[in-house]
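Keep in mind the model is a prediction, meaning the values are calculated, not measured.
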Amino acid sequence: MHTMWKGSISFGLVNIPIKLYAATEDKDIKLRTLHKKCHTPIQYEKKCPNCDEEVKNDEIVKGYEYVKGKYVVLTDEELQELKEEHEDKTVEIIDFVKMEDIDPIYFSRSYFIGPGENGGKAYGLLREALKQSGKIGVAEITIRSKQQLAMVRVYQNCIVMETVHYPDEVRNVKEVPSVPEQVEVGAKELETAIMLIDQLTTTFDPEKYKDDYRLALQDLIERKVNQDEGKTPTEAAPRQNVVDLMSALQASIEKTKKPATKTKGKPAKPKTAVGETTSTPPNPAAPPATAKKTKTVRKKA
């Protein structure tokens, strides 16, 4: 059993080292939400509707809405300071009362209390004193930064702590609508109702009560598994980075562009510096130039 809290119980001058364990567990069957098309679990992202962007954990702060649409922000440092001021690793018993004095509406969660190191004798003393007196202890404890009221009592051979709601956490019954103040009940009807209660009265045995829906749901799941009706999510297509894709497209466009064409016309003559002459170099592939023949024309006398 996992130890969820370590501390001590104190009443008067007696201090008992203890360990706290969850006495109950949630047996509900957890169902995942899947995409009907491919049976992949649905993800839920933290998104700011105002900025229309996904928000990272380090960008999230805590705030209290004191009027509609207005918040006061509480920093992690402020919350940590408050936690350190009020965190006390002691179950301090401040009163002892009778169990029947407490209405069950106040009860919240149950925890087993086990003795810490060298606390066995003092633990046994408190357990026996609670049994003999028929009383339960009213205590205060801080669990997970929340101060809670608690009742310390004996369950079988173990000390149990029941966290209970503070009075202002229980709603006023007068707020329940349509509850009649006084109703005239016929004697015959009342007698019949009491007779029915008597017939159904028995000793409480928690083992006879079962969560029929949970058991039926569990059977349905097991049948589907045995009939090989399990679904495997289809393999997701590889994601492409949008930025890389755009870069690749742009590069492809640049690559397919035709080189710029040169303006048609005679090539420009190279410029020469003042005092320099230019000559066209001979073409070795061209045939040798032949001397032109000249004719002498004689004039008649």
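Counting all heavy atoms, side chain and backbone alike, Arg214 lies closest to Ile29 at O-CD1, 3.5 Å. Across every non-hydrogen atom of Gly119 and Pro17, the tightest pair is CA-CG, 3.8 Å.
With hydrogens and angles disregarded, no donor-acceptor distance shorter than 3.5 Å links the side chain of Asp101 to the backbone of Val97. No donor-acceptor distance shorter than 3.5 angstrom exists from the side chain of Thr3 to the backbone of Trp5, with no hydrogens or angles considered. Between the side chain of Glu59 and the backbone N or O of Lys56, at least one donor-acceptor pair lies under 3.5 Å. Side-chain atoms of Lys68 never come within 3.5 Å of backbone atoms of Glu65 as a donor-acceptor pair (strictly under, hydrogens ignored). A donor-acceptor pair under 3.5 Å is absent between the side-chain atoms of Glu222 and the main chain of Asn226, judged by distance alone. No donor-acceptor distance shorter than 3.5 angstrom exists from the side chain of Glu128 to the backbone of Leu125, with no hydrogens or angles considered.
Here the CG-CE distance, from Leu20 to Met4, works out to 5.5 Å after rounding to the nearest 0.5 Å. Atom-to-atom distance recorded for Leu74:CG and Leu79:CG is 5.0 Å, nearest 0.5 angstrom. Of the inter-residue distances, the one linking Asp76 atom CG with Glu81 atom CD reads 13.0 Å to the nearest 0.5 angstrom. Expressed to the nearest 0.5 Å, how far OG of Ser8 lies from CG of Asn15 amounts to 4.0 Å. For the atom pair Ile159 CD1 and Tyr123 OH, the distance stands at 4.5 Å (nearest 0.5 Å). Taken to the nearest 0.5 Å, the CZ atom of Phe107 stands 10.5 Å off from the NE2 atom of His165.
Every residue meeting the side-chain contact (heavy atoms from CB on, under 4.5 Å) condition with Glu25, not counting sequence neighbours, appears here in chain and number order: Lys27.
For the pair Ile221/Arg223, no side-chain contact is recorded, criterion being any heavy-atom separation below 4.5 Å from C-beta on. Between Met99 and Arg153 the shortest side-chain heavy-atom distance falls below 4.5 Å. Side-chain contact between Asn157 and Lys131: present, with at least one pair of heavy atoms (C-beta onward) separated by less than 4.5 Å. You'll find the side chain of Val138 reaches within 4.5 Å of the side chain of Leu149, heavy atoms only. The shortest side-chain heavy-atom distance between Thr75 and Val61 does not fall under the 4.5 Å cut-off. A 4.5 Å side-chain heavy-atom check between Met161 and Phe112 finds every atom pair outside the cut-off. Counting heavy atoms from C-beta outward, His35 and Lys37 have side chains that approach closer than 4.5 Å.
More than 12 non-hydrogen atoms from other residues, nucleotides or ligands lie less than 6.0 angstrom from NZ of Lys30. More than 12 non-hydrogen atoms from other residues, nucleotides or ligands lie less than 6.0 angstrom from OH of Tyr166. In Asp58, the CG atom is crowded: over 12 heavy atoms of neighbouring residues, nucleotides or ligands sit closer than 6.0 Å. For Glu45, the CD atom sits in a packed shell: over 12 heavy atoms of surrounding residues, nucleotides or ligands are nearer than 6.0 Å.
Cluster annotation: Leu217 is not connected to Leu215 through the hydrophobic network of ILVMFWY side chains, with a link wherever side-chain heavy atoms come within less than 4.5 Å. At a threshold of 4.5 Å between side-chain heavy atoms, the hydrophobic network of Ile, Leu, Val, Met, Phe, Trp and Tyr places Val164 and Val91 in two separate groups. In the hydrophobic clustering of this structure, Tyr106 does not group with Val160; members are Ile, Leu, Val, Met, Phe, Trp, Tyr whose side-chain heavy atoms approach within less than 4.5 Å, directly or through other members. Tyr64 and Tyr71 fall into different hydrophobic clusters, where Ile, Leu, Val, Met, Phe, Trp and Tyr are joined by side-chain heavy atoms under 4.5 Å apart, directly or via other members. In terms of hydrophobic clustering, with Ile, Leu, Val, Met, Phe, Trp and Tyr side chains grouped at heavy-atom distances under 4.5 Å, Tyr155 and Ile18 are assigned to different clusters.
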Mind running side chain to side chain contact (heavy atoms under 4.5 Å, CB included) on Asp52 and Lys47 for me, showing each step along the way? CA-CA 7 Å; Asp52 193 26; Lys47 188 175 182 181; 3.1 Å; yes
Test Ile113 against Tyr21 for side chain to side chain contact (heavy atoms under 4.5 Å, CB included), laying out the working first. CA-CA 6 Å; Ile113 294 178; Tyr21 309 89; over 6 Å; no
Using side chain to side chain contact (heavy atoms under 4.5 Å, CB included), reason through Lys46 and Asn57 one step at a time and then give a plain yes or no. CA-CA 9 Å; Lys46 297 175 183 177; Asn57 287 335; 3.0 Å; yes
Run Thr163 and Gln148 through side-chain hydrogen bond (donor to acceptor under 3.5 Å, both in side chains) and show every step you take. CA-CA 7 Å; Thr163 56; Gln148 293 183 305; 4.6 Å; no
Take Ile42 and Leu34, measure what side chain to side chain contact (heavy atoms under 4.5 Å, CB included) needs, and give me the verdict at the end. CA-CA 5 Å; Ile42 300 298; Leu34 309 178; 5.7 Å; no
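Side-chain N/O atoms of Glu162 and Ser110 include a donor and acceptor closer than 3.5 Å.
Using cut-offs of 30° and 60° for the angle between ring planes, the Phe96 and Phe11 rings count as perpendicular.
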Donor-acceptor pairs under 3.5 angstrom involving side-chain atoms of residues 180-201: please list them, not counting sequence neighbours.
unit_1	atom_1	unit_2	atom_2	d
Glu189	OE1	Gly186	N	3.4
Thr192	OG1	Lys188	O	2.9
Thr201	OG1	Ile197	O	2.6

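Screening Ile102, Leu130, Ile93 against Ile136 for a side chain to side chain contact (heavy atoms under 4.5 Å, CB included) leaves a single residue, Ile102.
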